[in-house]
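Each remark here refers to the structure printed beneath this line.
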Amino acid sequence: MDLEKHPQKPVVPAEPDAGFRASDADRDRIADILKEALALGRLDAEEHSERIDAVYRAKTMGELEPLVRDLPATGDGVRPVGAAHAYGPEDTGEPVDSMVAIFSSSLRKGRWRVGRRTNAFTLFGSIEIDLTEAIFAQRTTVINATAIFGSVEVRVPENISLRGGGTGVFGSFEVSTLESTEPDAPVVVVNGYAVFASIEARPKRGKFIADLNKRLRKHLGH
């Protein structure tokens with residue numbers, strides 16, 4: 001007697017483990033979705049601020065997913081606001097510096113070691129990043145700035161390269177582009193998104209990195 005045949009149940013693929021650790025690239029992807037939602041009016045400034053703060057505090061994928069569960073993804077040809085002007089190296093897995101100013105101010109200046117990437121977010125506040133006396137431990141430094149009813153100012157030495165691109169919505173985004181005459185000079189890239197706010201990056205007159213080539217060889221291991 002033939003055995004009774006039973007239809008096989010379809011194999012349901014397992015969902016990604018929500019406990020997986022989130023990478024910096026994962027956080028940036030979620031932040032891009034939130035930026036677009038703000039620009040399109042799906043989120044107001046307060047909601048955007050709360051979610052962005054949660055993005056950069058998130059440790060796992062399970063903490064990130066609920067932040068965009070009620071929003072359309074930026075896939076299928078939809079480009080995040082300002083993405084066409086994004087510059088800088090791909091994510092390397094290195095720790096990212098973060099500066100947050102909400103109804104407050106944040107300042108970083110003096111002699112300090114610059115990380116490969118810095119995320120700056122301000123809501124009704126101000127952030128100033130002064131790189132004129134900083135130590136550049138890598139060739140390219142990227143600063144991703146988001147300002148809502150606030151301001152972000154970046155100051156750099158006159159003898160490095162400064163580049164960037166961004167978007168201003170009822171606000172301003174301005175980068176005073178520089179190209180150093182030294183081929184191995186550090187490159188600072190400022191990507192920005194300003195809503196009723198300003199983001200500005202420019203050289204600080206009279207400030208230079210002394211012995212540029214010697215310092216670069218030392219910090220880059222040559």
Side-chain angles (χ1 to χ4, degrees), residues 13-103 106 115-125 127 142-152 154 163-173 175 189-199 201:
E15 294 184 359
D17 191 339
F20 284 163
R21 300 286 291 189
S23 69
D24 292 327
D26 293 325
R27 296 184 186 92
D28 288 346
R29 175 175 54 83
I30 298 300
D32 284 338
I33 295 174
L34 295 176
K35 287 179 183 178
E36 184 182 8
L38 176 66
L40 296 176
R42 292 193 174 99
L43 295 176
D44 60 28
E46 183 178 357
E47 290 173 315
H48 179 267
S49 171
E50 292 173 353
R51 296 195 191 195
I52 282 289
D53 186 53
V55 164
Y56 290 109
R57 294 178 187 274
K59 301 296 184 184
T60 66
M61 295 300 296
E63 293 175 283
L64 287 175
E65 193 276 334
L67 299 174
V68 293
R69 184 177 294 158
D70 58 344
L71 299 173
T74 56
D76 55 37
V78 180
R79 185 183 299 273
V81 176
H85 303 287
Y87 299 89
E90 295 296 326
D91 179 67
T92 61
E94 295 182 5
V96 177
D97 293 333
S98 294
M99 298 180 69
V100 178
I102 300 176
F103 290 96
S106 181
R116 187 178 299 275
R117 194 147 58 103
T118 298
N119 292 327
F121 174 78
T122 180
L123 173 67
F124 290 102
I127 292 177
V142 178
I143 298 174
N144 296 315
T146 300
I148 302 173
F149 293 99
S151 65
V152 176
V154 180
R163 304 168 188 165
T167 301
V169 179
F170 297 104
S172 65
F173 176 88
V175 173
V189 179
V190 180
N191 298 317
Y193 183 65
V195 180
F196 291 99
S198 65
I199 297 174

### Message
If the condition is side-chain contact (heavy atoms from CB on, under 4.5 Å), which residues does Asp97 pass it with, not counting sequence neighbours?
### Response
Arg108, Thr118
#### Entry: Over all atoms of both residues, closest heavy-atom pair of Gly150 and Ala197
O-CB, 3.0 Å
### Query
Taking only residues two or more places apart in sequence, or in another chain, which ones meet Phe196 in a ring pair (Phe, Tyr, Trp, His ring centres under 6.0 Å)?
Phe149, Phe170
### Task
Give, for atom CE of Met99 and atom CD1 of Ile143, the distance between the pair rounded to the nearest 0.5 Å.
9.0 Å
### Query
So how far is it from Arg51 CZ to Ile33 CD1, rounded to the nearest 0.5 Å?
11.0 Å
### Message
Evaluate Leu43 against Leu71 for side chain to side chain contact (heavy atoms under 4.5 Å, CB included), listing each step before the verdict.
### Response
CA-CA 9 Å; Leu43 295 176; Leu71 299 173; 4.1 Å; yes
### Message
For the backbone of Met61 and the side chain of Glu65, can you confirm whether one donor and one acceptor N or O come within less than 3.5 Å of each other?
### Response
no
### Task
Measure from the side-chain N and O atoms of Thr122 to the backbone N and O of Ala101, and report whether any donor-acceptor pair falls under 3.5 Å.
yes
### Considering all heavy atoms, the nearest Val189-Gly164 contact
CG1-CA, 4.3 Å
### Query
Can you name the residues that form a salt bridge (charged side-chain N to carboxylate O under 4.0 Å, His left out) with Glu50, not counting sequence neighbours?
none
### Task
Identify the heavy atoms of Pro66 and Gly62 that sit nearest to each other, and give their distance.
CD-O, 3.0 Å
### Message
Parallel, tilted or perpendicular: which one describes the rings of Phe121 and His48, with boundaries at 30° and 60°?
### Response
tilted
## Note on the structure
Distance col, row Leu64:CG vs Arg57:CZ, nearest 0.5 angstrom, shows 13.5 Å
### Message
Using 0.5 Å steps for rounding, measure from the OG1 atom of Thr146 to the CD1 atom of Ile199.
### Response
6.5 Å
## Note on the structure
Value for CG (Leu123) from CD1 (Ile52), rounded to nearest 0.5 Å, stands at 11.0 Å
### Message
Rounded at 0.5 Å granularity, tell me how far OH in Tyr193 sits from CG in Asn144.
### Response
14.5 Å
